Amino acid sequence: MFKIKVLFVAAELTPLAKVGGLADVIGALPKALAQLNIDVRIAIPKYGIVDEKKYKLKKITADLKIPFHHKIEKAALWKTTLPSSAVSVYLIDHPKFLGENGVYYENDASSGGTSKECRRFTFFVRAAMEIFGPLKWQPDIIHCHDWHVGILPALIKILNKQDPGNYPDFTTLLTIHNLAFQGKYVPKDVFSMLEIKESDWPTLKERFGKKKDLNYLQQAILNSDLINTVSPTYAHEILTSQYGENLESTLKKKSKILTGILNGIDTDRFNPATDPEIKANYSPKNFAPKQENKSDLQQSVNLPINSDVPVIGLVSRLTDQKGIDLICQIIEELATLEIQLVFLGLGSKFLEKELKKATKKHPKKIAAQLKFDAHLAQQIYAGSDIFLMPSRFEPCGLGQMIAMRYGTVPIVRATGGLKDTVQNYNFKTQTGTGFVFQNYKSLELLATIKKALAVFSDQNSWNKLIQNSMSQDFSWLHSAQKYFTLYQKALLKSSKS
Ligand code: GLC
């Protein structure tokens, strides 16, 4: 049987190099695709933070020769397999360009920015084109993720034109995880790194902005054979000026090849019945032990231990995208209610300060833990009653799905993947999995929280809501099947198979 061969090219990978949700997708989707008999492999940079011993990295060659910036840069290629799978992971090793710092040079550099970031990812994609010889393996499809690898589809075309014998015209699929991050750089710097002429570049006309930067994500949109985002709603939203981040007109031209496929979550890792990170395991049939996790959480974050008071949790980057500003606007009102609030995350200094201030003022009601802490995150998912995700926009969102799996009822805004995964609770029919509000307004959020608290006070209804949310199936298999169809479509479209 013909087995489709796919190479994921991405900047992040759980557990080797995790920053955000992108890493979780790259670490989980290939496993599900492998179950569908796809030969899927992954290429990432070998950052300094990747633990060679822990992940049993093996060097395949130290002799990759990468033409870059009018020199031949030597690079190495390493290999491992994705933990608990047979999926091959290739790591490109160049200590200077790829090894320095963490995944990104800057803290919030998933958005691009400095010229070092540009050099890092430009080198990575150029080097990725040189690994197929040593590997004696070549994909049918190159699956690109986000702006970091956004120039790869154009580069494939350029190199194929120059030297078709060495550089096949790979079929490409672009997955957009977050349109807000684009990577904008000075074109002549990029061309010089890639050793190409401006006239070689296929799609320069559409650039916008005063400086006419080369926008890596825009170039990916213009040059990929197919495009998808991580939820059906976000795929529609990004065609509008409200969500399009100035790329809506580029996307509109490509709307025929743009679809949305919801992410899944790793249901083995996020399983309240077996999760070793939580105090008491539980299942949809018997979720009484959830209470033990609640008191464990209250104790961990220094809030009064009380099983009656509803605990509202949040695990997130603390940025405006995530609606943290909405919460800050109503925090004093919230502090007058009989609730406890637990926040976990890092982000904008302003929002961190606001949350810290509120914690100081209301130490018995609010606990803001300003850090990354995977263990505490699990305690919050398991021990809270309600999970907040009032995002301004949300391409997919993983937190709300994890929360539901742990019977923690989400309050979300109707945007992107939040809209596609959470069904608003209907008191009469007792259907629904959470609480959904429409407009990005703090008073709407407040009213929705109050509605949730009213249902919480009715034990039977709340139990039904927990059951509803815990019985959702968010496993990756559904998504993987849709990607499979998309790969087939891509191959047919480009007829390069
Ligand atoms: C980005 C998006 C998030 C999505 C994740 C994985 O982090 O902001 O909504 O779930 O990518 O696709």
Side-chain angles (χ1 to χ4, degrees), residues 8-32 42 44 82 102-104 107-112 143-150 174-183 217 228-235 237-238 243 245 260-270 313-324 344-347 372-374 377-378 380-381 387-406 410 412-413 415-422 474-476 478-480 483:
F8 274 47
V9 186
E12 299 183 24
L13 170 63
T14 297
L16 283 75
K18 148 117 184 167
V19 177
L22 169 64
D24 294 333
V25 176
I26 309 303
L29 174 58
K31 288 190 210 170
I42 304 166
I44 60 164
L82 199 57
V103 172
Y104 306 112
N107 255 347
D108 195 22
S110 36
S111 54
H143 189 161
C144 305
H145 296 266
D146 272 356
W147 74 265
H148 321 96
V149 300
L174 165 70
T175 297
I176 301 173
H177 295 264
N178 195 334
L179 196 70
F181 302 138
Q182 299 177 3
L217 190 61
N228 81 295
T229 72
V230 287
S231 71
T233 294
Y234 193 59
E237 287 175 338
I238 57 177
Y243 295 95
E245 307 282 350
I261 300 179
L262 263 182
N263 287 331
I265 53 169
D266 187 334
T267 45
D268 294 329
R269 183 169 155 227
F270 298 115
L314 176 141
V315 179
S316 174
R317 276 186 288 127
L318 304 176
T319 61
D320 282 354
Q321 177 199 334
K322 300 293 183 179
I324 313 298
L344 172 65
L346 279 173
F372 283 119
D373 184 336
Q378 288 317 104
I380 294 176
Y381 285 122
F387 190 80
L388 269 191
M389 231 166 141
S391 306
R392 184 186 295 272
F393 67 94
E394 196 61 72
C396 177
L398 305 172
Q400 82 280 13
M401 292 191 266
I402 301 170
M404 284 186 266
R405 183 139 169 89
Y406 283 78
V412 303
R413 192 171 90 77
T415 182
L418 298 174
K419 186 173 172 186
D420 294 336
T421 52
V422 183
F474 293 120
S475 63
W476 269 105
H478 300 291
S479 325
Y483 276 101

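Here the structure is a predicted model, which means the values were calculated and not measured. Atom set for the values below is all heavy atoms of this structure, side chains included, hydrogens, waters and symmetry mates excluded.
Atom NE2 of residue H145 and atom CD1 of residue I42 lie 8.5 Å apart, to the nearest 0.5 angstrom. The CG atom of N263 lies 8.0 Å from the CG atom of L29; values are rounded to the nearest 0.5 Å. To the nearest 0.5 angstrom, D146 atom CG is 8.0 Å from I26 atom CD1. Here the CG-CG distance, from N228 to L174, works out to 7.5 Å after rounding to the nearest 0.5 Å. Atom CD1 of residue I402 and atom CZ of residue R269 lie 7.0 Å apart, to the nearest 0.5 angstrom. One finds the CE atom of M389 at 8.0 Å from the OG1 atom of T421 (value rounded to the nearest 0.5 Å).
Under the side chain to side chain contact (heavy atoms under 4.5 Å, CB included) test applied with I265, the options M401, Q400, M404 reduce to a single match, M401. Just one residue in the list L344, I380, I324 forms a side chain to side chain contact (heavy atoms under 4.5 Å, CB included) with L314, and that residue is I324.
Among all heavy-atom pairs drawn from T415 and S391, the shortest one is CG2-O, 3.6 Å. Counting all heavy atoms, side chain and backbone alike, Q321 lies closest to P395 at NE2-CD, 3.8 Å. Shortest non-hydrogen contact noted between E237 and Y243 is O-CB, 3.3 Å.
Applying the salt bridge (charged side-chain N to carboxylate O under 4.0 Å, His left out) criterion to D24, with sequence neighbours excluded, gives K18. Considering only residues two or more places apart in sequence or on other chains, S475 meets the side-chain contact (heavy atoms from CB on, under 4.5 Å) condition with T267, D473, L477, H478. For F393, there are no ring pair (Phe, Tyr, Trp, His ring centres under 6.0 Å) partners two or more places apart in sequence or in a different chain.
Residues Y234 and D420 bring no donor and acceptor atom of their side chains to less than 3.5 Å of each other.
Summarising the local packing, NZ of K419 is surrounded by 12 or fewer heavy atoms from other residues, nucleotides or ligands at distances under 6.0 Å.
Ring pair H143/Y483 is tilted by interplanar angle, where 30° to 60° counts as tilted.
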